[in-house]
Amino acid sequence: MPGAGLILAIETSCDETAAAVVQRGARTLSSVVASQVATHARYGGVVPELASREHLRAIVPVVRAALAQAGIILADLDAIAVTRGPGLAGALLVGITYAKALAFAQSLPLIAVNHLEGHIHAVLLNERSVPESSPNGQSSFDTEPALALVVSGGHTHLYLAQPTQSTWHYTLIGRTLDDAAGEAFDKVAKLLGLGYPGGPWIDALALHGNPHAVPFSFSQIKPKLHLAGKPPRTKAASTAPIARLDPHFLFSFSGIKTAVLRYVELHNLRPEAEARHGALFTGPDTPASPTLEAALATCDAQTLDLIASFQHAVVGDLLKKTFAAAESLAVSSIFVTGGVAANRELRQRFTAESARRNFKVSFPTLALSTDNAAMIAAAAWPRFLARDFALPDLSADPSLALGR
Ligand code: KG4
Ligand code: ZN
């Protein structure tokens with residue numbers, strides 16, 4: 001029976017087919033994620049055509065599993081939510097088409113969600129699930145503005161997230177000019193013969209190296225590089241594209257990737273990286289998923305130092321710019337979310353810096369940091385309350401922006 005505030009969400013924007021049932025944007029009844037990592041790993045990155053094919057294969061069983069794990073049937077739902085973008089066009093379309101069909105068949109409202117807004121609500125979902133939340137699933141977090149760093153394989157964006165009466169308002173404060181931070185993790189891991197996605201490998205191996213061994217640095221982005229104007233304080237500036245953003249809050253991760261490549265070449269580490277890749281992934285007896293111990297055994301001290309130094313530099317840059325933006329906007333709350341927010345050094349340094357500078361920092365659980373559908377259901381809840389429903393002609397928007 002509808003009326004219990006149950007939303008079924010579907011997320012297919014990249015390489016995870018995910019479905020979840022969440023009650024009132026706060027209580028996760030189920031969250032099922034079918035990862036395609038094994039399909040894409042051998043190519044060192046996501047192959048869009050393969051992603052769509054895998055979503056087609058997985059969508060029905062994943063939605064069925066989400067309903068079964070929640071112990072409900074379609075007739076119990078109040079709405080269906082789906083990721084509209086940004087993401088891969090073909091991949092998004094699989095989720096949207098299926099969600100539309102379900103909503104039509106069950107006469108349920110359909111809610112379109114921005115994937116980046118979903119990542120921000122992954123943090124709120126955590127906070128709302130505490131018992132003192134209000135009956136509408138709201139916590140004190142739903143009433144205070146926060147600076148949100150969304151840091152994943154596709155994005156490195158800073159938003160000012162402000163709760164309004166009915167829903168949330170987002171202002172873009174900063175972003176990457178080139179690669180996303182997660183992309184840099186993935187590219188550096190590939191360069192070193194490690195697996196895909198690279199973040200978890202680097203995260204684990206960095207623990208064994210010296211983070212100060214290679215002094216990588218990020219130079220301040222020059223205003224003239226992107227014709228930056230004033231900091232985004234005025235309303236006009238807040239809706240402006242990258243040229244109007246404060247250069248202090250802009251990121252660039254393609255340089256460090258090149259610096260790692262140069263280091264690898266200068267120190268002749270490439271043959272070792274190729275041998276590592278062979279030993280871990282393409283040899284005759286390699287297991288389906290090599291262990292950290294196996295990877296560690298292939299890395300000498302110099303490689304481990306390189307990995308630790310790379311991670312230390314990336315986390316340091318994210319830290320510096322995020323806290324500078326939080327200070328400039330005078331917010332007291334910082335959200336860090338997206339796949340890279342699973343990183344141990346990142347969590348530890350953001351937590352320590354927040355304590356030192358008197359900010360409150362929040363992360364999603366590890367499972368909610370990477371792509372999932374529970375975050376989409378959580379973001380859909382305020383829209384459900386505001387009756388902000390999608391039209392029947394809803395389509396995918398691969399480059400959908402959030403709060404320009
Ligand atoms: O949010 P997500 O699952 O998908 C996107 O929306 O992109 O993020 C995936 C990204 C990948 O680049 C992956 O390498 C990175 O998050 N990642 C990590 C860690 N776990 C995943 N990066 C650093 N440390 C981790 N522990
Ligand atoms: Zn994502």
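Quick note: numbers below take in every heavy atom, side chains included, and nothing from hydrogens, waters or symmetry partners. The shown structure was predicted, so the numbers you read here are calculated from the model rather than taken from an experiment. Note that ligands are numbered from 1 as they come in the structure, with each ligand's atoms numbered from 1 the same way.
- Numbered from 1 in the order shown, with element, the atoms of ligand 1 that lie under 4.0 Å from a heavy atom of Gly154 read 7 (O).
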Exercise for the section: For side chain to side chain donor-acceptor pair (under 3.5 Å), just list the numbers for Gln36 and Glu54, CA-CA rounded to whole Å, side-chain angles, deciding distance to a tenth of an Å, and then say yes or no. Expected result: CA-CA 7 Å; Gln36 303 178 4; Glu54 292 298 309; 5.6 Å; no

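- Under the 4.5 Å side-chain criterion, counting only non-hydrogen atoms from C-beta, Pro86 is not in contact with Ser399.
- Atom OD1 is the N, O or S atom of Asp371 at the shortest distance from the Zn ion (ligand 2).
- Among the atoms of His119, an N, O or S atom falls under 2.8 Å from the Zn ion (ligand 2).
- Of the protein's non-hydrogen atoms, Asp203 OD2, 2.8 Å is the one closest to atom 26 (N) of ligand 1.
- Taking distance alone, with nitrogen or oxygen atoms compared against 3.5 Å, Gly153 approaches ligand 1 more closely than that limit.
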Problem - Full working for side-chain contact (heavy atoms from CB on, under 4.5 Å) between Leu194 and Leu205 - result: CA-CA 10 Å; Leu194 296 165; Leu205 292 171; 3.7 Å; yes

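- Using a cut-off of 2.8 Å, one finds that His115 contributes an N/O/S atom close to the Zn ion (ligand 2).
- Ligand 1 lies within reach of His119, whose nearest heavy atom is under 4.0 Å from it.
- Counting only heavy atoms from C-beta outward, the side chains of Val82 and Tyr98 never approach each other to under 4.5 Å.
- Looking only at distances, a side-chain donor or acceptor of Arg128 sits under 3.5 Å from a matching main-chain atom of Gly25.
- Below 4.0 Å from some heavy atom of Gly198 lie the following atoms of ligand 1, by number and element: 14 (O).
- Looking at Gln162, its side chain never comes within 3.5 Å of a backbone N or O of Thr164 through a donor-acceptor pair.
- Checking only distances, Thr370 never comes within under 3.5 Å of ligand 1, N or O to N or O.
- The aromatic rings of His155 and His115 are tilted relative to each other, their planes meeting at an angle between 30° and 60°.
- The aromatic rings of Tyr159 and Tyr170 lie perpendicular to each other, with more than 60° between the two planes, well past the 30° mark.
- Scanning the protein for heavy atoms near atom 11 (C) of ligand 1, the closest one is Asp186 OD2, 3.6 Å.
- Residue-ligand proximity: Cys14 is placed with every non-hydrogen atom at 4.0 Å or more from ligand 1.
- Using a 4.0 Å heavy-atom cutoff, Arg344 is absent from the residues neighbouring ligand 1.
- Less than 4.0 angstrom separates some heavy atom of Pro197 from each of these atoms of ligand 1: 13 (C), 14 (O).
- Looking at atom 24 (N) of ligand 1, its nearest protein heavy atom turns out to be Asn343 ND2, 3.0 Å.
- For the pair Met375 and Leu125, the minimum side-chain heavy-atom distance is 4.5 Å or more.
- With 3.5 Å as the limit, one finds a donor-acceptor pair spanning the side chains of Glu272 and Thr303.
- The aromatic ring centroids of Trp168 and His121 lie less than 6.0 Å from each other.
- Ranking the protein heavy atoms by distance from atom 22 (N) of ligand 1 puts Gly199 CA, 3.3 Å first.
- Taking every non-hydrogen atom of Gly182 and a distance limit under 4.0 Å, the qualifying atoms of ligand 1 come out as 12 (O).
- Ranking the protein heavy atoms by distance from atom 20 (N) of ligand 1 puts Gly339 O, 3.4 Å first.
- When each atom of ligand 1 is checked for a heavy atom of His115 under 4.0 Å away, the hits are 6 (O).
- When only interatomic distances are considered, the shortest N/O to N/O separation between Gly338 and ligand 1 does not fall below 3.5 Å.
- Between Leu102 and the choices Leu108, Val63, Leu77, the side chain to side chain contact (heavy atoms under 4.5 Å, CB included) rule is met once, by Val63.
- When hydrogens are left out, the protein atom nearest atom 4 (O) of ligand 1 is Asp371 OD2, 3.1 Å; that is the closest non-hydrogen contact.
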